[in-house]
Colleague: 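My structure is below; once you've seen it, I'll send some questions.
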Amino acid sequence: MLKIADSCIKCGACQECCPSVAIEVTREKGPVLVSDACIACGHCESICPVGALEKTDLLHNEDVPLDKWPVLDARTAELFLRARRSIREWKPGIVPRTQTEKLLQIGRYAQTGSNMQGIDYLVVESPEVMDELLVLLTEWFRTHPDPVRQETYQRFKDEPRRFFRGAPQCLLALHDPATPKTFRNGQFAFTYVELYAASLGLGTCWAGYLEAYLNTNDAASRKLLGIPEDRVVCAAMLYGLPKYPYHKLVTRNPAEIHWR
Ligand SMILES: Cc1cc2nc3c(=O)[nH]c(=O)nc-3n(C[C@H](O)[C@H](O)[C@H](O)COP(=O)(O)O)c2cc1C
């Protein structure tokens, strides 16, 4: 339901921004819900310049009124994004759960298809489970028929911890395979996690090898990790306390842009 305060100026912004074309604004009636296709994204509420609109069926416990939309200036944003690095060297120590929770909470604000969200997280913080996971992963590579996997195995077999870059812990994003659209949501969430990590004094590295193995969804890893029955892994990330800071920004290939 829409609750509209008298302060509504009927500007039409809520109608324009609604992804579901669920709101219509007229001079006579103001904003009216015209469809039940709302995806609960909250755009209508947050674009309202006078705070006159409330969608009463949404959660509101985390709402924060903004005096000014907090946008980084372009140079700061560029430096922030370019300074993100994959961390592969770690200080000893386990990240406290409070920090891990802060890190994962940010993932909830990443974009998701149709605002479906639908991501759970699994944190592996036990060194024993990390070790057992490494054993399973190494065996998967050892017996894999693909020559590329074989080549990786040959490179890593004498020091299998390189599969995890010696990371003490890892994060897994889980989704419900019955809603395949949510698979990518875990990856978007971890992109947020990765960008936020440095601000919490943490480092992350995407765990592609681990992800490839866990995507097999085999019974051994499911049992070891206690993955809930209706969930599968959609993204994996190593994390911990970074050992070194970085001292320069690097160059990437120029963007190939095709204009039409
Ligand atoms: C999907 C994905 C999987 C990755 N898997 C691994 C991995 O298993 N091990 C690793 O050391 N780095 C992994 N990386 C990190 C890339 O090597 C890294 O992003 C790339 O070299 C660029 O470095 P940067 O992230 O520091 O800019 C992965 C990155 C992505 C996006």
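The figures here come from the full heavy-atom set of this structure, side chains too, leaving out hydrogens, waters and symmetry mates. For ligands, and for the atoms within them, numbers begin at 1 and follow the listed sequence.
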Colleague: Please list the nearest protein heavy atom to atom 16 (C) of ligand 1 with its residue and the distance rounded to 0.1 Å.
Modeller: Arg88 NH2, 3.6 Å
Colleague: Below 4.0 angstrom from a heavy atom of Ala207, which ligand 1 atoms are there? Numbered from 1 as shown, please.
Modeller: 5 (N), 8 (O)
Colleague: To which protein heavy atom is atom 18 (C) of ligand 1 closest, and what is the distance rounded to 0.1 Å?
Modeller: Ser86 OG, 3.4 Å
Colleague: If only atom types and distance count, is the side chain of Thr191 paired as donor or acceptor with the main-chain N or O of Gln187 below 3.5 Å?
Modeller: yes
Colleague: Show me the side-chain donor-acceptor pairs of residues 199-211 shorter than 3.5 Å, one per line, residues at least two apart or across chains.
Modeller:
from, atom 1, to, atom 2, distance (Å)
Trp206, NE1, Glu194, OE1, 3.0
Glu211, OE2, Ala236, N, 2.9

Colleague: Determine, step by step, whether Arg108 and Glu62 satisfy the salt bridge (Lys or Arg N to Asp or Glu O under 4.0 Å) criterion, reporting the C-alpha distance in whole Å, the side-chain angles of both residues, the deciding distance to 0.1 Å, and the verdict.
Modeller: CA-CA 12 Å; Arg108 298 185 299 129; Glu62 291 181 305; 2.5 Å; yes
Colleague: Could you list the atoms of ligand 1 found under 4.0 angstrom from a heavy atom of Cys205?
Modeller: 10 (C), 11 (O), 12 (N), 13 (C)
Colleague: How far is atom 5 (N) of ligand 1 from the closest protein heavy atom, and which atom is that?
Modeller: Gly208 N, 2.8 Å
Colleague: Could you label the plane-to-plane angle of the Phe156 and Phe163 rings as parallel, tilted or perpendicular, counting under 30° as parallel and over 60° as perpendicular?
Modeller: perpendicular
Colleague: Between Asn115 and Ala40, is there a donor-acceptor pair closer than 3.5 Å when you use the side chain of the first and the backbone of the second?
Modeller: yes
Colleague: Taking only residues at least two apart or on different chains, which pairs with a member in residues 116-140 satisfy salt bridge (Lys or Arg N to Asp or Glu O under 4.0 Å)?
Modeller: Arg97-Glu125, Asp120-Arg231, Asp131-Arg161, Glu139-Arg142
Colleague: At a 4.0 Å cut-off, with the gap strictly under it, does some heavy atom of Arg162 reach an atom of ligand 1?
Modeller: no
Colleague: Applying side chain to side chain donor-acceptor pair (under 3.5 Å) to Tyr121 and Thr100, what does each step give before you reach the verdict?
Modeller: CA-CA 11 Å; Tyr121 301 101; Thr100 301; over 6 Å; no
Colleague: One thing to verify: whether Lys243 and Glu89 come together as a salt bridge, which I'm taking to mean a side-chain N less than 4.0 angstrom from a carboxylate O.
Modeller: no
Colleague: Report yes or no: does Gln187 have a heavy atom closer than 4.0 Å to ligand 1?
Modeller: no
Colleague: When you compare ligand 1 with Trp206, is there at least one nitrogen or oxygen pair between them that comes in under 3.5 angstrom?
Modeller: yes
Colleague: Is the shortest N/O to N/O distance between Arg165 and ligand 1 below 3.5 Å?
Modeller: no
Colleague: Which of the numbered atoms in ligand 1 are under 4.0 angstrom from any heavy atom belonging to Tyr209?
Modeller: 8 (O)
Colleague: Where is the nearest protein heavy atom to atom 22 (C) of ligand 1: which residue, which atom, and how far?
Modeller: Arg252 NH2, 3.5 Å
